[in-house]
Amino acid sequence: MSAATVSFQVPSPLGPRPVTVSYAREGAGEPLLLLHGIGHHRQAWDPVVHILAAEREVITVDLPGFGESPALPDGLAYDLPTTSAVFGAFCEALELDRPHVAGNSLGGLLALELGREKLVRSVTALSPAGFWNEAERRYAFGVLLTMRHISRRLPLPLVERLSRSAAGRTALTSTIYARPGRRSPEAVVAETLALAGATGFDDTLRAGGSVLFTDDLPGLPVTVAWGTRDWLLVRRQGVRAKRIIPGARLVRLPGCGHCPMNDDPALVARVILDGGR
């Protein structure tokens, strides 16, 4: 998919601010917006896009300050209300009328927030953030900071050399994938660079320190799915999510890690499509 950009205005305490977002579109049908996690980029969804595009118009997005999307301008915070406003304006700019939305990790939390704001017609959240206790949050943030530190210190030639073997890809990505050997060398290099270069990483992590998702989403189809081998946000958080959103469908993803799209693309695509029927 070739990338495009769109710019729009978002309200701020200092007046409207311009935001530019990089995205790609593929397929036809009801619109489906895909949101990645912190430090990742829209290509995280590549393993499932072609499957989803057989039934949906799929829009993959680089969150502001990640991938090819520039950082938010001064006056806009990397918090949930601002990000929700950004994607409300994004959907308006692209004339997306209440799309389905699926998100992973931070993207899962954002998807649920868009559901809370009644901006979407269904939500699928894969290992969403915001259902942790304090110890689990500190652990996850510590792992993410370590991953970020390593990505910024590794010379590119070393990353490229590691990516050429399954063992090297495991060393680079086993925190988020249960089956890192399945990720292509090119994808591993690209996402290591994306993590290292994410201008929104620190502010997003800082804003997430106090975030808990505590609202039910009555009347909205919600699916919460968790990999059985998610070592970053452990799967008991899915049980908490089900308690908070009793009407949600809670789905187990056998053998999948924190970013399950690469571990089992067919299963993840089916879960997303079933959640939006």
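Since we're looking at a predicted model, the values are computed, not measured.
Remark: the backbone N or O of P81 is not paired with any side-chain donor or acceptor of S84 at under 3.5 angstrom. At least one donor-acceptor pair under 3.5 Å links the side chain of R169 to the backbone N or O of R183. Of the possible polar contacts, one joining the T192 side chain to the V188 backbone as a donor-acceptor pair under 3.5 Å is found. Listed for the S69 side chain is no donor-acceptor partner under 3.5 Å among the backbone atoms of G65. R121 places a side-chain N or O within 3.5 Å of a backbone atom of D97 that can act as its donor or acceptor partner. Listed for the R148 side chain is no donor-acceptor partner under 3.5 Å among the backbone atoms of F201.
In this structure, the side chains of D46 and T60 stay at 4.5 Å or more apart for every pair of heavy atoms. Contact of the L267 side chain with the R270 side chain is registered, since non-hydrogen atoms from C-beta on lie closer than 4.5 Å. Two residues are said to be in side-chain contact when any heavy atoms from C-beta on lie closer than 4.5 Å; L34 and I59 fail this criterion. A heavy-atom distance below 4.5 Å is found between the side chains of E113 and F213. Between Y23 and V6 the shortest side-chain heavy-atom distance falls below 4.5 Å. With a 4.5 Å cut-off on side-chain heavy atoms, D202 and Y78 do not count as touching. Between S105 and S127 the shortest side-chain heavy-atom distance does not fall below 4.5 Å. Proximity of T20 to F8: side-chain heavy atoms (C-beta onward) are nowhere separated by under 4.5 Å.
Across all their heavy atoms, F131 and I245 have their closest contact at CZ-CD1, 4.4 Å. Contact between P128 and G108 at its shortest, heavy atoms only, is CB-C, 3.8 Å. Closest non-hydrogen pair, A225 versus V271, comes out as CB-CG1, 4.2 Å. Here the shortest heavy-atom pairing between D263 and G255 reads CB-O, 4.4 Å. Nearest heavy-atom pair across G219 and P221 is O-CD, 4.1 Å. Between L33 and C91 the shortest heavy-atom distance is CD2-SG, 4.2 Å.
A salt bridge is defined here as a Lys NZ or Arg NE, NH1 or NH2 lying under 4.0 Å from an Asp or Glu carboxylate O, and R240 with E136 meets this definition.
Under the 4.5 Å side-chain contact rule for hydrophobic residues, L253 and L112 do not share a cluster. Note on I51: it does not cluster hydrophobically with V268, by side-chain heavy-atom contacts below 4.5 Å among ILVMFWY residues. Hydrophobic clustering, with ILVMFWY side chains joined whenever heavy atoms are under 4.5 angstrom apart, groups L217 together with V224. Residues L126 and V234 do not share a hydrophobic cluster, defined by chaining ILVMFWY side chains whose heavy atoms lie under 4.5 Å apart. The hydrophobic cluster containing L110 does not contain V48, counting ILVMFWY residues as joined when their side-chain heavy atoms lie under 4.5 angstrom apart, directly or transitively.
Side-chain contact, T223 with R249: a donor N or O sits under 3.5 Å from an acceptor N or O. Side-chain atoms of S22 and R42 include a donor-acceptor pair closer than 3.5 Å. Counted by atom type alone, H36 and Q43 present zero donor-acceptor pairs between their side chains at under 3.5 Å. Judged by distance alone, the side chains of H41 and D62 never bring a donor and an acceptor atom under 3.5 Å apart. Remark: the H258 side chain and the T175 side chain contain no N/O donor-acceptor pair separated by less than 3.5 Å.
Just one residue in the list R56, R25, E57 forms a side chain to side chain contact (heavy atoms under 4.5 Å, CB included) with P31, and that residue is E57.
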Decide side chain to side chain contact (heavy atoms under 4.5 Å, CB included) for V61 and W45; before the verdict, give the C-alpha distance in whole Å, the side-chain angles of both, and the deciding distance to 0.1 Å.
-> CA-CA 10 Å; V61 185; W45 296 98; over 6 Å; no
Show the numbers, then the answer: is there a side chain to side chain contact (heavy atoms under 4.5 Å, CB included) between F141 and I38?
-> CA-CA 11 Å; F141 280 29; I38 187 170; over 6 Å; no
Residue pair F66, T199: steps toward the side chain to side chain contact (heavy atoms under 4.5 Å, CB included) verdict = CA-CA 6 Å; F66 298 93; T199 54; over 6 Å; no
Criterion side chain to side chain contact (heavy atoms under 4.5 Å, CB included) on D74 and L14, from CA distance to verdict = CA-CA 9 Å; D74 291 344; L14 306 175; 5.5 Å; no
Step by step, work out the salt bridge (charged side-chain N to carboxylate O under 4.0 Å, His left out) result for R116 and D215.
-> CA-CA 8 Å; R116 194 177 71 83; D215 292 323; 3.5 Å; yes
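Geometrically, R137 does not engage Y139 in a cation-pi contact defined by less than 6.0 Å to the ring centre and at most 45° from the axis.
Between the OG atom of S174 and the CZ atom of R179 there is a distance of 14.5 Å, given to the nearest 0.5 Å. Between R138 atom CZ and W132 atom CH2 the span is 12.5 Å, to the nearest 0.5 Å. Atom CG of L106 sits about 6.0 Å away from atom CG of L63, to the nearest 0.5 Å. Here the straight-line distance linking atom CG of L80 with atom OG1 of T204 works out to 10.0 Å at 0.5 Å rounding. Separating the NE2 atom in H100 from the CD atom in E55 is a distance of 10.5 Å, to the nearest 0.5 Å. Going from atom OG of S12 over to atom CG of L76 covers 5.5 Å, rounded to the nearest 0.5 Å.
Under a cut-off of 6.0 angstrom, the local environment of CD in E95 is sparse, with at most 12 non-hydrogen atoms contributed by other residues, nucleotides or ligands. Surrounding CD of Q9 are more than 12 heavy atoms belonging to other residues, nucleotides or ligands, all under 6.0 Å away.
Ring geometry for Y177 against H40 counts as tilted: the plane angle lies between 30° and 60°, on a 0 to 90° scale.
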